[in-house]
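For reference, the structure is listed below as structure tokens.
Note on naming: letters A, B, ... go to the chains in the order of the sequence lines (proteins, then strands), and numbering restarts at 1 for each one.
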Amino acid sequence: MFSGQRFYIQQAGSVSKQQIRLLSAALSKAGAIVIDKIVNDQTPIDYFIADSKFSQFDCLKFSSSNNLTADSPVLAGCQFISVDWPVACLKAHQVLPFNEFKLRSLESVSESKSAEPDEPTSKRRRSAAVVVEEADVDSSATASTSLASESASQSLRLPPRVGAWICAQSSLSTPAVSEVACPANADIVRILGQMADTYGSTNDKWRVYSYKKAAQAVKRCSKPIDSRASAQSLPGVGSRLADKIWEIAQSGRLAKLDCLSSDETVAALKLFTSLWGAGPVTAQAWVAQGLRSLDDLASRPDLLNRQQKIGLKHYDDFLNRMPRSEAGEIESVVAEAVHQLGNGFIVQACGSYRRGRPDCGDVDVLVTHPDGRSHAGLLTRLVTHLERTGFLTDHLVSCEENGDHKKYLGVCRLPLSTNNSGQSERRARRLDIIVVPYNEYACSLVYFTGSEHFCRSLRHLAKRLGMSLNEHALYEGVIRRGAVKVNPGRPVNTPDEASVFQHLGVPYRPPNERDH
DNA sequence: ATACAGACAAG
DNA sequence: CTTGTC
DNA sequence: GTAT
Ligand SMILES: O=c1ccn([C@H]2C[C@H](O)[C@@H](COP(=O)(O)OP(=O)(O)OP(=O)(O)O)O2)c(=O)[nH]1
Ligand SMILES: [Mg+2]
């Protein structure tokens, strides 16, 4: 019946391993060749079979076969079809037409917008109610940034109105932490966030970027979203997300998310990527090998690297956020150790702690010395010291011994805590330490204080101004070809955090206003 | 077509 | 170089 | 996924 036809069956959704075995056997008997693994440079397959609830896109995205794209040679001329088709064919003892069984194609995307040329709602030029997204380049290019670049070629590009950047706004000025400007939009924000999380366990960071950005835009939107068009008028919301947002607004649900959430391989991907040291690629590989649970991982130490073993050991502790008081205790332990190793060191907890968050995922400690020299070689001594006292229990990343290492990522545990019902061991906590030369203090502080989003926004702004910002310094006179640096530029003198903001032309924001 | 931040460690 | 993390 |  299927003589010589090459099939691949995707295990996902309602298609279980067991079912694949049965179906494969039946198909083979009917003359088909069932491929169990798609490799890029093999004979192209004829049929990609999967649960009917998936689209072609989902198949590629969540497939355990890595590096598959729509135009991979193996997929040339391949049909994406629901499992229902071969099942029906076998039952009917004949090859049925598969028109009715095709999975949703990749190209339902085709220009749904005939972009009205002079549409006044075209993203920029909105009513002033919401002017809050970055890279929303307004034509009124003011903001002749005080000390900013003199690079002639760069100044030809319109500098964005700095006020439109995230890093120029206080995180307090917009909806309070985990709230929404308009309660009616809460579902939308929540669901877009869940979509971002879900895609977070795939390799598609730009999709995640967009979902997050759209969620932010909706969060800041002060009126209920009452039409598809009003959704698409939001910055960062295009045609596809507008559809999804509108679906949520009407029904309170998103079929796409319901579908993905109910899939066990997607759940496994999320579980695995929540393990420290495992990202989307590794998670995908484990799922492809049939692993689904932490117990499965524990039974296969050969598949785990050193860091992942530590991650597994402390799986629950690492997912748990500590009260800021505990972060304070940890900072004190580190500070005391540093001060035993020398005088005059600056020791400062940054990250979410410095931003004033009530709870912290880890403790990020920055160490420097005003004399500009004593920082050298400190980190090794510090780690050794803290290890001896039993405070540090595991090392995730410590630059071995090239003398001038700067970063340490590890695990610590505070001494027994005594409460009314006796003594109890405390949780293991993630501890990050950086030791930096004093001339890099300001930029390190900006970097290490975050938030991540705030940092990225600041760096993006710097780039648009012909500058460059990293944890070491702010550089001016940077020349790029596209995104590639041609000339690295020269470091700007930045004695303190405020000077970094100044050079970028944005108002200074204290740490608690950087919690974006 | 290209950018969406930029760096560093592990292996 | 890829992967993962800050 | 979106914007330029
Ligand atoms: O991709 C990243 C991740 C982090 N950081 C900076 C900002 C961040 O604030 C700091 C510390 O990282 P961490 O992951 O500890 O974030 P946090 O802001 O402290 O949050 P949490 O409470 O989860 O630790 O490092 C970045 O610049 N880029
Ligand atoms: Mg932190």
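Whole-Å rounding puts the A/His460 NE2 to B/dA3 C1' distance at 7 Å. The CG atom of A/Leu458 sits 14 Å away from the P atom of B/dA7 (whole-angstrom rounding). When rounded to the nearest whole Å, the span between CD of A/Glu471 and P of B/dA9 equals 10 Å. Whole-Å rounding puts the A/Leu465 CG to B/dG6 P distance at 12 Å. What separates CG of A/Leu504 from P of B/dG6 is a distance of 12 Å, to the nearest Å. Counting to the nearest Å, the P atom of B/dG6 and the CG atom of A/Leu474 are 11 Å from each other. Atom NZ in A/Lys213 sits about 8 Å away from atom C1' in B/dC4, given to the nearest Å. If you measure from atom NZ of A/Lys212 to atom C1' of B/dA5, you get 14 Å, rounded to the nearest angstrom.
Counting only heavy atoms from C-beta on, A/Asn305 has its side chain closest to B/dG11 among B/dG11, D/dT2, B/dC4. In the set D/dT2, B/dA5, B/dC8, B/dA5 carries the atom at the smallest distance from any side-chain atom of A/Glu452. Checking D/dT2, B/dA7, B/dA5 against the side-chain heavy atoms of A/Lys485 singles out B/dA7 as nearest. Checking C/dG4, D/dT2, B/dA5 against the side-chain heavy atoms of A/Trp206 singles out B/dA5 as nearest. Listed candidates were B/dA5, B/dG6, B/dA9. Nearest to the side chain of A/Arg456 is B/dA5. For A/Pro280, whose side chain is taken as the heavy atoms from C-beta onward, the closest listed nucleotide among B/dA9, B/dA7, C/dG4 is C/dG4.
The shortest distance between the side-chain N/O atoms of A/Trp276 and the OP1/OP2 oxygens of C/dC6 is below 4.0 Å. The phosphate of D/dG1 (OP1 or OP2) has a side-chain N or O of A/Lys244 nearer than 4.0 angstrom. Residue A/Thr282 places at least one side-chain N or O under 4.0 Å from the OP1 or OP2 atom of C/dG4. Between A/Tyr211 and the phosphate of D/dG1, there is a side-chain N or O to OP1/OP2 separation shorter than 4.0 Å. Between B/dC8 and A/His472, a contact under 4.0 Å exists linking OP1 or OP2 to a side-chain N or O. The phosphate of D/dA3 (OP1 or OP2) has no side-chain N or O of A/Arg464 nearer than 4.0 angstrom. Considering only side-chain N and O atoms, A/Lys463 lies nowhere under 4.0 angstrom from the phosphate OP1 or OP2 of B/dA3.
When heavy atoms are screened at a 4.0 angstrom cut-off, A/Leu275 is found touching the sugar-phosphate backbone but no base atom. Among the atoms of the strands shown, none is found under 4.0 Å from any heavy atom of A/Asp362. A/Ile434 comes within 4.0 angstrom of nothing in the nucleic acid, heavy atoms only. A/Ala214 comes within 4.0 angstrom of nothing in the nucleic acid, heavy atoms only. Within 4.0 Å (heavy atoms only), A/Arg481 reaches no atom of the nucleic acid at all.
With A/Thr449 contributing its side chain and A/Val446 its backbone, the two residues share no donor-acceptor pair below 3.5 Å. No side-chain donor-acceptor contact under 3.5 Å links A/Arg459 to the backbone of A/Ser468.
Taking the 5.5 Å centre cut-off and the 30° plane limit, the aromatic side chain of A/Tyr447 is not classed as stacked on C/dC6.
Distance CD/A/Gln169 to OG/A/Ser457: 8.0 Å, rounded to 0.5 Å. Interatomic distance, CZ of A/Arg509 versus CZ of A/Arg514, reported as 10.5 Å (0.5 Å rounding).
A centroid separation of 6.0 Å or more is found between the aromatic rings of A/Trp276 and A/His314. Ring centroids of A/Tyr438 and A/His375 are separated by 6.0 Å or more, keeping the two rings apart.
Side-chain atoms of A/Arg459 come within donor-acceptor range of the base of B/dG6, with a qualifying N/O pair under 3.5 Å.
Using the six-membered ring where Trp is involved, A/Tyr408 and A/His395 have ring planes that are perpendicular, over 60° apart on the 30 and 60° scheme.
Remark: the separation of the P atoms in D/dT4 and B/dA5 is 15 Å, to the nearest Å.
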